[in-house]
> 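Before I ask anything, let me first share the structure, which is written out below as structure tokens.
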2 protein chains.
Amino acid sequence: MPAANAQEDATADGGQDSLPATAQRLLTGAIACFASKGYQASTTRDICNEADLSAGALYVYFESKEHLLFELVQRAHRDVLVALEALAPAEPGAEADLLVAQIRTLTHWHVDNHLRARVAQTELPNLRGDHLAAVRRQRTSIEALLRSTVVAGCESGVFRCADPQLFVRATLSLCIDVIRWYNPGGHYGADDLARSNVDILHTYLQHAGQ
Amino acid sequence: MPAANAQEDATADGGQDSLPATAQRLLTGAIACFASKGYQASTTRDICNEADLSAGALYVYFESKEHLLFELVQRAHRDVLVALEALAPAEPGAEADLLVAQIRTLTHWHVDNHLRARVAQTELPNLRGDHLAAVRRQRTSIEALLRSTVVAGCESGVFRCADPQLFVRATLSLCIDVIRWYNPGGHYGADDLARSNVDILHTYLQHAGQ
DNA sequence: GTCTATAAGTTGATAGAC
DNA sequence: GTCTATCAACTTATAGAC
């Protein structure tokens, strides 16, 4: 995982990309705007202002306000996928370690990038049809990664699970929904939330149907 | 629970209120608009149109577009609270029955009213300061109801739970997040989702820390 | 109570100076 | 590449006819 600012991250990239510095500033400004007022209520002027640019400059780097949103949402999902794929694959019979790592990674990523994550989750319906379809494919990949861990664990006998599909959705619900609760100045930190999610989900897989 | 339409509910009220029929129609139209396009992207003309009224008629019944949203969100939360308060209180030592009923009620309500629920959850940040504060109080009441069940169960020894506060948040995450997954024509019904949520959450309370 | 007309302001996006 | 100026369209909310 990148050394993300645990207090509040408003950067547009995990640090592994090639986008003009000004475009990055626009993405960062857009995250701040969208997170506080929502996509529709944020004007292109607001975004340019946040990036210390004037009204028309946005259109040098992005075809439209919607293209900017797509870039932002698409990169957030890509970064989650990259973080999950960086985890060591599971030895047969040791799927619990991988699943715990996946839950921890997901929770930490969403807490550490809670502004980007909130925008990426909340403003999804504002994407154009083909852009939405592209992000849906990324989301399907993330779901598939988790499901294969759960299914493998069930087959090797270390997990019990009535319905892996519903369990994976519950996992994503818990790990993503922290962006709605999480408050950087609050009582709970990323570790607390990750531990809670691991406890609840892993306990189920150990004791389901008993 | 009221006999809600399990396919798709777009009515504005649980059936227990005193609002002019035209105002109800406006609320119902607003739910359809907000659910499909979002609050900011829905114009007052869209809403009036959906209610078979002309441009200015909205302002006879609501001070502003934001007041209409508040009415809608506030009523959704009130109905959830009413449904939870209708459950029989727990005998000491039998808190599991109440918690299971609460989880089932929450999941079913959000599935049966998934359009209203989606609007009430998603468009919350568009409320004015004082209106948002009022809804936050309702949400605190819902959280407190669940927490008292969990805490009572821990004290009577039928539950184990490392942190009731985090567990209640996880419960709400799971029961509410179904509005993002749920598809009326899809493979899973309200009963499936409720059973899955009960399984995951109750299994944890029975086996936590073992 | 519902309608049409309109006010007053804002929007996304473009054109052309520098 | 960035700026300012501007377009055409659309927004919420109000006023006054019926």
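For the numbers below, each heavy atom of this structure counts, side chains included, while hydrogens, waters and symmetry mates do not. Here is the naming used below: chain letters follow the sequence lines, and residue numbers restart at 1 for every chain.
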> With R128(B), which residues qualify under side chain to side chain donor-acceptor pair (under 3.5 Å), at least two apart?
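Testing R128(B) for side chain to side chain donor-acceptor pair (under 3.5 Å), a comparison that skips the adjacent residues, returns D130(B).
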> Each nucleotide N or O in nucleotides 13-18 of chain C that has a protein N or O under 3.5 Å away: list the pair and distance.
unit_1: dA13(C); atom_1: OP2; unit_2: Y59(A); atom_2: OH; d: 2.7
unit_1: dA13(C); atom_1: OP2; unit_2: K65(A); atom_2: N; d: 3.1
unit_1: dA13(C); atom_1: O5'; unit_2: Y59(A); atom_2: OH; d: 3.4
unit_1: dA13(C); atom_1: N6; unit_2: R45(A); atom_2: NH2; d: 3.3

> I need the full list of side chain to side chain donor-acceptor pair (under 3.5 Å) pairs touching residues 194-205 of chain B, with sequence neighbours left out, sorted by first then second residue.
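Output for this query lists T107(B)-N197(B).
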> Using whole Å, what does the distance between atom C1' of nucleotide dT11(D) and atom CG of N49(B) come to?
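Computing the N49(B):CG to dT11(D):C1' distance gives 16 Å.
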> Can you list everything that forms a ring pair (Phe, Tyr, Trp, His ring centres under 6.0 Å) with F159(B)? Sequence neighbours excluded, please.
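So F159(B) forms no ring pair (Phe, Tyr, Trp, His ring centres under 6.0 Å) with any residue.
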> Toward the 5' end of DNA chain C, which comes first, S42(A) or A57(B), by nearest nucleotide?
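Mapping each residue to its closest nucleotide by heavy atoms, the 5'-most match is A57(B).
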> Please check the phosphate of dT4(D) (OP1 and OP2 only) for any side-chain N or O of S54(A) closer than 4.0 Å.
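Yes, such a contact exists.
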> Could I get the full list of side chain to side chain donor-acceptor pair (under 3.5 Å) partners for Y59(B), not counting sequence neighbours?
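Partners of Y59(B) by the side chain to side chain donor-acceptor pair (under 3.5 Å) criterion come out as none, since no residue qualifies.
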> In whole angstrom, what separates Q40(B)'s CD from dG12(C)'s P?
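Atom-to-atom, Q40(B) to dG12(C), this comes out as 11 Å.
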> Atom CG of L26(B) and atom P of dA13(D): how far apart are they, to the nearest Å?
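Answer to the nearest Å: 14 Å.
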> Start at the 5' end of DNA chain C and walk down; is the nucleotide closest to R25(B) or to D46(A) reached first?
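Counting from the 5' end, the first nearest nucleotide belongs to R25(B).
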> Does any pair with a residue in residues 26-53 of chain A pass ring-ring contact (aromatic ring centres under 6.0 Å, His included), and if so which ones, sequence neighbours excluded?
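Sorted result for residues 26-53 of chain A: F34(A)-Y39(A).
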> Run the side chain to side chain contact (heavy atoms under 4.5 Å, CB included) check on Y61(B) and L27(B) step by step: do they pass?
CA-CA 10 Å; Y61(B) 298 96; L27(B) 281 181; over 6 Å; no
> Under 4.0 angstrom, heavy atoms only, what part of the nucleic acid is F62(B) near: base, sugar-phosphate, or nothing?
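Nothing: the residue F62(B), judged by heavy atoms under 4.0 Å, touches no strand.
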> Give the rounded distance in Å between these two atoms: CD1 of I47(B) and C1' of dT11(D).
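Taking CD1 of I47(B) and C1' of dT11(D), I get 12 Å after rounding.
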